[in-house]
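Take a look at the structure set out below.
Chain letters run A, B, ... following the sequence lines, proteins first and then strands; every chain starts at 1. Everything numeric in this text was worked out from a predicted model, so none of it was measured.
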Number of protein chains: 2
Amino acid sequence: MAKEKRVLLKDVADAVGVSTTLVSIVLNGKAKQYRIADEMVEKVIKAAMEMNYSPNLIARNLRGGKTQLIGLIVTDISNPFYSAIARIVENRANELGYTVVFSSSDEDLDNTKRLIDVLMNKGVDGLIVVPCDGSEDLIKSIHENNTPLVLIDRNFPETDISFSCLNNFRATELTTRHLIEQGYENIALVGYKTGMNHILDRIRGYEETMQAAGLGKYIQVKKVNLMNTKVEMNNVLDVLVNRRKVEAVIFLTNMLAVTGLYCLKDMQVRIPEDIAMVGFNRNDVFNLYPSTITHIRQPLELIATQAVNILVDKINHSELEIKSMSFSEPQLIVGASTPKKE
Amino acid sequence: MAKEKRVLLKDVADAVGVSTTLVSIVLNGKAKQYRIADEMVEKVIKAAMEMNYSPNLIARNLRGGKTQLIGLIVTDISNPFYSAIARIVENRANELGYTVVFSSSDEDLDNTKRLIDVLMNKGVDGLIVVPCDGSEDLIKSIHENNTPLVLIDRNFPETDISFSCLNNFRATELTTRHLIEQGYENIALVGYKTGMNHILDRIRGYEETMQAAGLGKYIQVKKVNLMNTKVEMNNVLDVLVNRRKVEAVIFLTNMLAVTGLYCLKDMQVRIPEDIAMVGFNRNDVFNLYPSTITHIRQPLELIATQAVNILVDKINHSELEIKSMSFSEPQLIVGASTPKKE
DNA sequence: GTATTTAGCTAAAACGATAAAGCAAAAATA
DNA sequence: TATTTTTGCTTTATCGTTTTAGCTAAATAC
């Protein structure tokens, strides 16, 4: 019932009959360096174990140490793509002795700014961030302030900020080449409105592959607005399907692909009879759809693990200012939504 | 490049030419109580604003024993159900000035124990926990230690630990009644092996409703093991579909429903022609499946918001030991998977 | 005119840890 | 034997706040 009083360094010190400093030294493994007697080291460790002592991290951090806390800012933790990343980040961080604090920016610059402020105030040792559109200056200022920082999923190529993300160009290159090999020519692409590099790279991968295959005249890049996706997607697909007589559509994110599926269902457009399609990232829908959906698989495990590795490395060697760049290779999972054309 | 020095209380105090105490008092809104002159209050506030002062939470926390950190332990943050909850917890916590630290227990007791230890070490002010099977004693000991604690999604009815969860009995009562009204009689249920109350309540809801409708002889409760779901589900569905000639199946969780869909697809069993089914929680799959799937919707927003409210209330009134119980009402979303029997 | 109250502020302690500097006793060296 | 070095530990300062107790001068009471 009564709140058990936490065991403090002082309690251990009193129990052994020494100073708190000595206990601190021993428990931090600096006994050798401070030439503490071996028997004393044993006694202290034994007492600390028996009393179940664990340091107050707040006090330790105030003193100038570290919190062993990592801040993770994604756009939306309820988005399965980011929650999958969060899970891996959590696992890897735990392995390395860190705990993860998370926040969702909702793709909003002001939110991102506020969240970074809050997290830094909590004393996080470093940040893993999915940067939103327009956040380059903000992120740069954080980086220049020497806060350990790693971008994930998206990056700013013009800066020297470390990142771990997909080789986005390769993703659509693979996809487009697959469709061309299957015999499609009139291939369109649906992305969303943003200046962020990951989407631009995916668009480039499509455009350059189309161009190289001599299909330049078919290049069609449609961009919907993230705020009003459903309605805009309807319009876009109406144009592509009914007016442009497109043979195949590539969706640039999971959410776009799923929204696309909803719209196509409403329009009673059949896949792949009426149109072929390619999605992005894993989703049960892709496997359970009457014809399974061809999609790009990101090596999430690798991307997220690398992000943590890079960050912890930065935390431990804050004096070094190295830009670590990790591009992970995409994989194309071929389903029934992109059959060979006769 | 150089790390900007943070503005401290002392900096503001020096700028105004007063003590740090005075600045602290003013900025914490206790000027009246300490009879600080009105002009002085103005001067201090102005200076603090201009210098863009914000308090070091770590120092404040060390002094006050509070971190404004909430720990959230779910079974798996990458499970869309829990990440949706996490998102709402995050939002509500932010509104109340808290930040969320999360961890995944993987339904494992030792993990749960370890995670709680770590989070309490980080100094979280309170915990929101999805308890796993067998964790009752552990959770009780945390509660008895006066750590503010709220269970979410699942609860221990025999204890006086607060919780926020679905009215699970009502969920399957609604579902079963709906199926019966649609003309089904041979209705089976698929859950998983656990002693946890939420699943047991769902099973009771089904059993009692069947019994009350005079369909007791059709009651069939199948339990799969969480470790080997796919294989066991195959066996279970084989028995139900081929041997028992079941007319409808109720799946007790989202994961079970989706796994069920995979198996039924493999078995080439059509929904609803060959069998009717009901799922649990929202999932794009349910809407995009050729025949939309009838399912139970949990008011996640309410459940998660309530959990945070209850927790913060406990944090702020730790002297009171009230058991808060929040049961939220389920909603049945009727799809094409449970048509009226002719 | 002295004693008491009140207004308006500050000094110092505390939170719990760590790091730097210091100090006494034992051991090694001259 | 006197001096230096080493050993093994302690004392003190510090991180940035908040809180408690206190202090001075002006206002009020007697």
Separation of atom CD1 in A:I36 from atom C1' in C:dT18, rounded to whole Å | 14 Å

Starting from P on C:dA17, measure out to CG on A:D11 and report it in whole angstrom.
-> 9 Å

If only atom types and distance count, is the side chain of B:D11 paired as donor or acceptor with the main-chain N or O of B:V7 below 3.5 Å?
-> no

How close or far is atom P of C:dT18 from atom CD1 of A:I58, stated in whole angstroms?
-> 14 Å

Among C:dT18, C:dA17, C:dG8, find the nucleotide with the atom closest to the side chain of A:S24.
-> C:dT18

Will you find, in the side chains of A:S105 and A:N111, an N or O donor that is under 3.5 Å from an N or O acceptor?
-> no

Closest to the side chain of A:S19, out of D:dT10, C:dT18, C:dC15, is D:dT10

Side-chain heavy-atom pair A:N121, B:R6 within 4.5 angstrom cut-off | yes

Verify whether one side chain among A:K314 and A:S162 offers a donor that lies under 3.5 Å from an acceptor in the other.
-> yes

Closest to the B:R35 side chain, choosing from C:dA7, D:dT11, D:dG16 | C:dA7

So, is B:Y53 close to the D:dT17 phosphate, meaning a side-chain N or O under 4.0 Å from OP1 or OP2?
-> yes

Test of ring centre spacing under 6.0 Å for B:F327 and B:F163 | yes

B:L62 side chain, from C-beta outward: closest of D:dC9, C:dT18, D:dG16 = D:dG16

Of the candidates C:dA20, D:dG16, C:dG16, the side chain of A:A59 sits closest to C:dG16

Between atom CG in B:L57 and atom P in D:dT17, what is the gap in whole Å?
-> 9 Å

Minimum-distance nucleotide (side-chain atoms of A:A37 versus C:dA13, C:dG16, D:dC9) = D:dC9

C:dT18 base / A:R60 side chain donor-acceptor hit below 3.5 Å = no

Quick note, A:L9 side chain, CB onward, closest among C:dA14, C:dA17, D:dA21 is C:dA17

When only distance counts, do a donor and an acceptor, one from the side chain of B:T20 and one from the base of D:dT18, lie under 3.5 Å apart?
-> no

When the distance from NZ of B:K32 to C1' of C:dC9 is rounded to whole Å, what number comes out?
-> 15 Å

Should the pair A:K46-A:E50 be classified as a salt bridge under the 4.0 Å nitrogen-to-oxygen rule?
-> yes

Is any side-chain N or O of B:N28 closer than 4.0 Å to OP1 or OP2 of D:dT18?
-> yes

Return the value, rounded to whole Å, for the distance between atom OH of B:Y34 and atom P of C:dA7.
-> 15 Å

Once you round it to whole Å, what is the distance between P of D:dT17 and CG of B:L27?
-> 10 Å

Would you mind telling me which of C:dC9, D:dT10, D:dT17 lies closest to the side-chain atoms of A:L22?
-> D:dT10

Is B:T21 side chain donor-acceptor paired with the D:dT18 base, going by distance under 3.5 Å alone?
-> no

Check every strand shown and say whether B:K30 touches a base, only sugar-phosphate, or nothing at a heavy-atom separation below 4.0 Å.
-> sugar-phosphate

Charged N to carboxylate O under 4.0 angstrom, A:D117 versus A:K113?
-> no

Is the backbone of B:G97 close enough, under 3.5 Å, to the side chain of B:Q68 for a donor and an acceptor to pair up by distance?
-> yes

Atom-to-atom span, CG of A:N56 to P of C:dA14 - whole angstrom | 17 Å

Quantified as the angle between the terminal helix axes (five pairs each), what is the overall bend of the helix from C:dG1-D:dC30 to C:dA30-D:dT1 to 10 degrees?
-> 70°

